[in-house]
Amino acid sequence: MIAIKDVMKEVMMIIEAIEESDLFKGASLEFMNEIGRIGEIRSFKRDAIICKANEKARYFFQLLEGQIDIMIAEKEIIHFTVNRPGEIFGWSALVEPYMYTATAKCKTDVRVVRISRESLEKIIIKYPADGLGILRHLTSIISQRLRHAYLYIYNIRIDQKTDYR
């Protein structure tokens, strides 16, 4: 049986972690406390797959420690490395059609906070101003990753056009 003391300790760890996240920047204390209650700390071993592209996205994640390789594969594979505590991934759980667009594979042993989309949506309905702030931060995060992907693709094309003879 899990002691109430252990549950409260985990909730406080989650709140401290999400305060470091760009996604939850500026959210109210009440909102953060509710997120702390719905978040779950999960551990994954090196090479574990946390989520796969084209699977239904029920959760998004915030890194606590470790490194994760985010892979977007079509004709070429685009890699992002998530390695800064507070970074989020699996954000497709927050955007329709709620399908992961990338695969997240652990490069090292990893600890994350896992948050359910359905639970977060209920809290956002209760705290709409905080929800609006999260959506603004989410669009910024997506925009940064999209810019990274464009640069990656552009650099591949430049490398392919370069004649090394």
* side chain to side chain contact (heavy atoms under 4.5 Å, CB included) evaluation trace for Leu94 with Leu135 -> CA-CA 9 Å; Leu94 303 175; Leu135 292 177; 5.9 Å; no
Least distance between heavy atoms, [X] atom then [Y] atom:
X	Y	answer
Gly66	Val110	CA-CG2, 4.2 Å
Gly39	Val113	CA-CG1, 4.2 Å
Asp130	Ser28	OD2-OG, 2.7 Å
Asn83	Pro85	O-CD, 3.6 Å
Ile41	Met13	CD1-CE, 3.7 Å
Ile14	Ile35	CG2-O, 4.2 Å

Mind checking the [atom1]-[atom2] spacing from [X] to [Y]? Nearest 0.5 Å is all I need.
X	Y	atom1	atom2	answer
Tyr59	Ser92	OH	OG	16.0 Å
Cys106	Gln67	SG	CD	10.5 Å
Ile124	Lys122	CD1	NZ	13.0 Å

Please set out all donor-acceptor pairs under 3.5 angstrom arising from side-chain atoms of residues 42-58, sequence neighbours excluded.
from, atom 1, to, atom 2, distance (Å)
Arg42, NH2, Glu40, OE2, 3.1
Arg46, NE, Lys107, O, 3.1

* Take Phe60 and Leu23 through the test side chain to side chain contact (heavy atoms under 4.5 Å, CB included) and record every step on the way to the result. => CA-CA 11 Å; Phe60 73 98; Leu23 183 66; 3.6 Å; yes
When you compare the side chain of [Y] with that of [X], does any pair of heavy atoms fall below 4.5 Å?
X	Y	result
Arg84	Leu63	no
Gln62	Glu87	no
Tyr98	Arg117	yes
Phe24	Met32	yes
Ile38	Ile115	yes
Ser21	Ile88	yes

* **Partner of Lys126 under salt bridge (charged side-chain N to carboxylate O under 4.0 Å, His left out), chosen from Glu30, Glu34, Glu121** =>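 Exactly one candidate clears the test, Glu34.
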* Yes or no on side chain to side chain contact (heavy atoms under 4.5 Å, CB included) for Val112 and Leu64, after CA distance, side-chain angles and deciding distance? -> CA-CA 5 Å; Val112 299; Leu64 295 175; 5.5 Å; no
* To do: Apply side chain to side chain contact (heavy atoms under 4.5 Å, CB included) to the pair Ile15 and Asn33, showing each step before the final yes or no.
  => CA-CA 7 Å; Ile15 292 171; Asn33 285 334; 3.2 Å; yes
* Asked: If only atom types and distance count, is the side chain of Thr139 paired as donor or acceptor with the main-chain N or O of Arg136 below 3.5 Å?
  ->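 It does hold such a pair.
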* Pairing residues for Phe61 by the ring pair (Phe, Tyr, Trp, His ring centres under 6.0 Å) criterion, not counting sequence neighbours ->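 Phe61 satisfies ring pair (Phe, Tyr, Trp, His ring centres under 6.0 Å) with Phe89 once adjacent residues are dropped.
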* Asked: What pairs with Tyr100 under ring pair (Phe, Tyr, Trp, His ring centres under 6.0 Å), at least two apart in sequence or on another chain?
  ->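 Tyr100 satisfies ring pair (Phe, Tyr, Trp, His ring centres under 6.0 Å) with no residue once adjacent residues are dropped.
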